[in-house]
Amino acid sequence: MTDKPTLDQWQAAAAKEVKGRDLTWHTPEGIDVKPLYTAEDVADIDPGLPGFAPFTRGVRASMYAGRPWTIRQYAGFSTAEASNAFYRRNLAAGQKGLSVAFDLATHRGYDSDHPRVTGDVGKAGVAIDTIDDMKILFDGIPLDKMSVSMTMNGAVIPILAFFIVAGEEQGVPQHLLDGTIQNDILKEFMVRNTYIYPPAPSMRIISDIIGYTSAHMPKFNSISISGYHMQEAGATQLQELAFTIADGREYAKAAMASGLDLDAFAGRLSFFFAIGMNFFMEIAKLRAARKLWHRVMTDLGAKDERSKMLRTHCQTSGVSLTEQDPYNNVIRTTVEAMAAMLGGTQSLHTNALDEAIALPTDFSARIARNTQIVLQEETGMTKVVDPLGGSYYIESLTEELVDKAWEIIQRVEAEGGMAQAVAAGWPKAMIEEASAGRAARVDKGEDVIVGVNKYKLAEQDPIDILDVDNVAVRESQIARIARSKAGRDEAKCTAALDALREGARATANVLGLAVECARQRATLGEISSAMEDVFGRYDTVPTPVSGIYGGAHEFDAAWQGLKEGVVSLETRNGRKPRMLVAKMGQDGHDRGANLVSSAFGDLGFDVVPGPLFQTPAEAAELAIARDVDVVGASSLAAGHKTLIPELIGHLREAGRGDIKVIAGGVIPAQDYQVLRDAGVQGIFGPGTNLVEAAGDVLRLLGHNMPPVEEVVE
């Protein structure tokens, strides 16, 4: 019988195998992950049991052994008719709950006939202008039997009002409506930017929704506190965890301050996390979130144990998907879905393989949905409650995330709460720095993305994508708005909108007043505008970080060559090369634009970060006023074929066709020629290496330098 090997003996054996190289992984979260974990690492950790406080191992005793998670698919396609048909096909094929994606015009509170949204209608989701749209969206889908999740924050009042009235006119009273509204505005001010009103009235709206649903809709979750968009914007899993829990605390405190009893509404709060490719970190994050939320709600005075349960929906990562070699995305989504399952999610959306470049086709959506069905039905993974509970690594990682996240949460509280922190801007700055650091590591090849910076295909195979005819959708929506207005009692509609306006000035519950507006056929834009008359509309200009991207490349020969090229152009022209980074349309996702601004700024460009939500005319006016050499138009939500040609047209009409226009972001290869024909001089799709892109831009501006790959060689 041999003696049991010691840890020292293992360390010696491992060091010999790797010739003394340190195997510790220093994660972006600041966690040093050892290559081996033993019982000693968890000696002081008691994870408890599933279904019991602090719910680290799950909120139900039986978890998936009793009932699997709910399969959802987040989707919305151009018109209500097209979306309804898609939902009904998916429900027939095994989907169990609906998750609605709205177009950007809807998110920002504009009707489809508004001049600011010509390129946004029907893109990235379904257009909802009237109660008729909402009724068509759920036609043939019984709202007393189907759980509906709606990702909406800015225009949350009219959308929820339309949902309530659509239920009424389907014969379903409010108390039977089941589902979730996202209603998480703090996250919007941090990363996603689909807000409408300033922070203070936005927080008032959240309290009104919590109050109304607590009184009238006991089955409905009044808020889905979302970390998803934080991770999509570049946050580490630790930042996503800490800021999401801190947001939840802020919302609970705001509702309590308005007079609501914590235990009366806390059970209807839910969460929404991203699940990326750091497999074990994601599992530990969900376990840590449950433990932290139990601590927060206990501190706030919750008595009911249900109030202390963190229930969450999860979605696999969109930012981890690649345009290059896209069938790899099926593998990525499967890995992420397994992490969500092993972490104990209550419902899950799996992204489709083509969502890096467009809305999913029926073909890709079926694969994404079946990924979950296969996990539930074929793998045996649902047979054991919390199968990784007790794992040395998982338990240790969970505890480390709890401790590090709690430090951030305590900082938030010490500085006045999450609303104050968001106003001060430091959470957004932390996320921006993490995003820039990640981009630099990918561009340098330190973080491997298969098919993008390693194991690349010589040629990319074409892939079928869903293309939305924005012009046709907008025309059909405008016609429906006209029909709705023609058929309503104008005096009653005006009175309802006036009452909403007055209620917003006073302390009345604005959701209750908006429900009456919906009954009287007020449009989404009219309801939003009535509140905007009182609250105002909030706008902001991005403030990219500096030094992070450039610092990571400081000693790279290619980077130094680019900096010399910038100096050469400055010497020749008498000033630095100047670039406007333009965000046109109603898409508020600014990660890509901010990364470009940060990288080019670190190179020495004079970067003008344009305001969000510009029209093409406004972007052209700013470009001319600042005398830029190049406009970088950032596109994510498929409005590029409308917005960028308009921008070029305005520049030419003003006699500034010399200003070069380049385009970057989520632009399918099939659209490249359309943009080139319109005058775009450079196109940079998802996964573009920013160092190589900068070289292309310098050559476009007349600097004769070799391609970056030649400098590296």
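Side chains included, hydrogens not; waters and symmetry mates left out as well; all remaining heavy atoms used.
You'll find the side chain of Gln614 reaches within 4.5 Å of the side chain of Leu622, heavy atoms only. Side-chain contact between Val422 and Lys428 is absent, with no heavy-atom pair separated by less than 4.5 Å. The closest side-chain heavy-atom distance from Leu262 to Leu300 is below 4.5 Å. Ile71 has its side chain out of reach of His349: every pair of non-hydrogen atoms, C-beta onward, lies at least 4.5 Å apart. Considering only heavy atoms from C-beta on, Ile431 comes within 4.5 Å of Met230 through its side chain.
Stacking of Arg108 on the aromatic ring of Phe613 is recorded, both the 6.0 Å distance cut-off and the 45° axial limit being met.
Annotation for Asp354 and Pro360: closest pair OD1-CA, 3.4 Å, computed over non-hydrogen atoms. Here the closest heavy-atom approach between residue Leu612 and residue Asp590 is recorded as CD2-CB, 4.2 Å. Counting all heavy atoms, side chain and backbone alike, Val148 lies closest to Phe220 at O-CE1, 4.4 Å. Contact record, Arg474 with Val117: NE-O, 4.3 Å, taken as the closest heavy-atom pair. Closest of all the heavy-atom pairs between Lys219 and Leu176 is NZ-O, 3.9 Å. In this structure, Ser207 and Ala254 approach most closely via the heavy-atom pair OG-O, 3.6 Å.
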key: side-chain hydrogen bond (donor to acceptor under 3.5 Å, both in side chains) between Asn193 and His589, worked out   = CA-CA 7 Å; Asn193 300 313; His589 294 86; over 6 Å; no
ask   = Could you walk me through whether Ile196 and Arg537 pass the side chain to side chain contact (heavy atoms under 4.5 Å, CB included) check?
value = CA-CA 5 Å; Ile196 299 175; Arg537 182 172 280 268; 3.6 Å; yes
Worked check of side-chain hydrogen bond (donor to acceptor under 3.5 Å, both in side chains) between Gln586 and Asp120 = CA-CA 7 Å; Gln586 299 304 307; Asp120 298 298; 4.6 Å; no
inquiry  = Before you tell me yes or no, could you show the steps for Lys583 and Asp587 under salt bridge (charged side-chain N to carboxylate O under 4.0 Å, His left out), namely the whole-Å CA-CA distance, both residues' side-chain angles and the distance that decides it to 0.1 Å?
reply    = CA-CA 8 Å; Lys583 282 290 296 181; Asp587 170 35; 2.8 Å; yes
task = Determine, step by step, whether Arg204 and Ser258 satisfy the side-chain hydrogen bond (donor to acceptor under 3.5 Å, both in side chains) criterion, reporting the C-alpha distance in whole Å, the side-chain angles of both residues, the deciding distance to 0.1 Å, and the verdict.
result = CA-CA 9 Å; Arg204 180 258 181 99; Ser258 71; over 6 Å; no
inquiry  = Evaluate Asn221 against Leu269 for side chain to side chain contact (heavy atoms under 4.5 Å, CB included), listing each step before the verdict.
reply    = CA-CA 6 Å; Asn221 296 321; Leu269 305 181; over 6 Å; no
request  = Take Leu647 and Met584 through the side chain to side chain contact (heavy atoms under 4.5 Å, CB included) test and state the conclusion after the steps.
outcome  = CA-CA 9 Å; Leu647 166 67; Met584 296 179 291; 4.0 Å; yes
task = Output, in order, the C-alpha distance, side-chain angles, deciding distance and verdict of salt bridge (charged side-chain N to carboxylate O under 4.0 Å, His left out) for Arg591 and Glu232.
result = CA-CA 8 Å; Arg591 177 183 186 174; Glu232 291 290 280; over 6 Å; no
inquiry  = Using the rule given for side chain to side chain contact (heavy atoms under 4.5 Å, CB included), can you reason through Val510 versus Leu500, listing the C-alpha separation, both sets of side-chain angles and the distance that settles it, and then say yes or no?
reply    = CA-CA 6 Å; Val510 292; Leu500 173 60; 4.0 Å; yes
query = What's the verdict on salt bridge (charged side-chain N to carboxylate O under 4.0 Å, His left out) for Arg116 and Glu618, showing C-alpha distance, side-chain angles and the deciding distance?
reply = CA-CA 11 Å; Arg116 297 196 70 86; Glu618 290 167 343; 2.9 Å; yes
Step-by-step salt bridge (charged side-chain N to carboxylate O under 4.0 Å, His left out) determination, Glu81 to Arg480 = CA-CA 12 Å; Glu81 291 91 342; Arg480 183 173 292 150; 2.2 Å; yes
request  = Begin with the C-alpha distance, continue with both residues' side-chain angles, and end with the deciding distance and a verdict on side-chain hydrogen bond (donor to acceptor under 3.5 Å, both in side chains) for Thr350 and Gln372.
outcome  = CA-CA 7 Å; Thr350 34; Gln372 295 192 55; 3.1 Å; yes
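A distance-only check finds a donor-acceptor pair linking the side chain of Asp184 to the backbone of Ser226 [under 3.5 Å]. Judged by distance alone, the side chain of Glu250 and the main-chain N or O of Leu186 form no donor-acceptor pair under 3.5 Å. Using modelled atom types, no side-chain atom of Glu355 and backbone atom of Leu321 make a donor-acceptor pair closer than 3.5 Å. Side chain of Asp208 to backbone of Leu511: no donor-acceptor contact under 3.5 angstrom is found. One N or O on the side chain of Arg311 and one on the backbone of Gly267 form a donor-acceptor pair closer than 3.5 Å. Within the 3.5 Å criterion, the main-chain N or O of Gly154 finds no donor-acceptor partner in the side chain of Tyr197. The main-chain N or O of Ser222 is found under 3.5 Å from a side-chain atom of Asn183 such that the two form a donor-acceptor pair. Side-chain atoms of Asn509 come within 3.5 Å of backbone atoms of Gly512 as a donor-acceptor pair (strictly under, hydrogens ignored). Proximity of a side-chain donor or acceptor of Asp129 to a complementary backbone N or O of Ser112 within less than 3.5 Å is detected. Side-chain atoms of Glu526 come within 3.5 Å of backbone atoms of Thr523 as a donor-acceptor pair (strictly under, hydrogens ignored).
With values rounded to the nearest 0.5 angstrom, Met134 atom CE is found 8.5 Å from Leu524 atom CG. The distance from the CZ atom of Arg501 to the CG atom of Asp533 is 5.0 Å, given to the nearest 0.5 Å. For the atom pair Ile478 CD1 and Asp113 CG, the distance stands at 5.5 Å (nearest 0.5 Å). With rounding to the nearest 0.5 Å, the separation of CZ in Phe163 from CE in Met217 is 6.0 Å. Distance CD1/Ile128 to NZ/Lys135: 13.0 Å, rounded to 0.5 Å. To the nearest 0.5 angstrom, Ile131 atom CD1 is 9.0 Å from Asp133 atom CG.
Between Phe102 and His107, the ring planes are perpendicular. Angles over 60° get that label, and only those under 30° would be called parallel. By the 30° and 60° cut-offs, the orientation of the rings of His216 relative to Tyr212 is tilted.
The closest side-chain donor-acceptor pair between Arg192 and Thr194 falls under 3.5 angstrom. Checked by atom type, the side-chain pair Asp139/Gln170 shows no donor-acceptor distance below 3.5 Å.
Looking at Glu516 and Arg521, no side-chain N of the basic residue comes within less than 4.0 Å of a carboxylate O on the acidic one, giving no salt bridge. Under 4.0 Å is where a charged nitrogen must lie from a carboxylate oxygen, and between Lys187 and Asp247 no such pair does.
Under the ring pair (Phe, Tyr, Trp, His ring centres under 6.0 Å) criterion, Phe189 pairs with Tyr195, Tyr538, not counting sequence neighbours.
Within a 6.0 Å radius of CD in Glu168, other residues, nucleotides and ligands contribute more than 12 heavy atoms. Heavy-atom neighbours of Lys492 NZ from other residues, nucleotides or ligands within 6.0 Å: at or below the threshold of 12.
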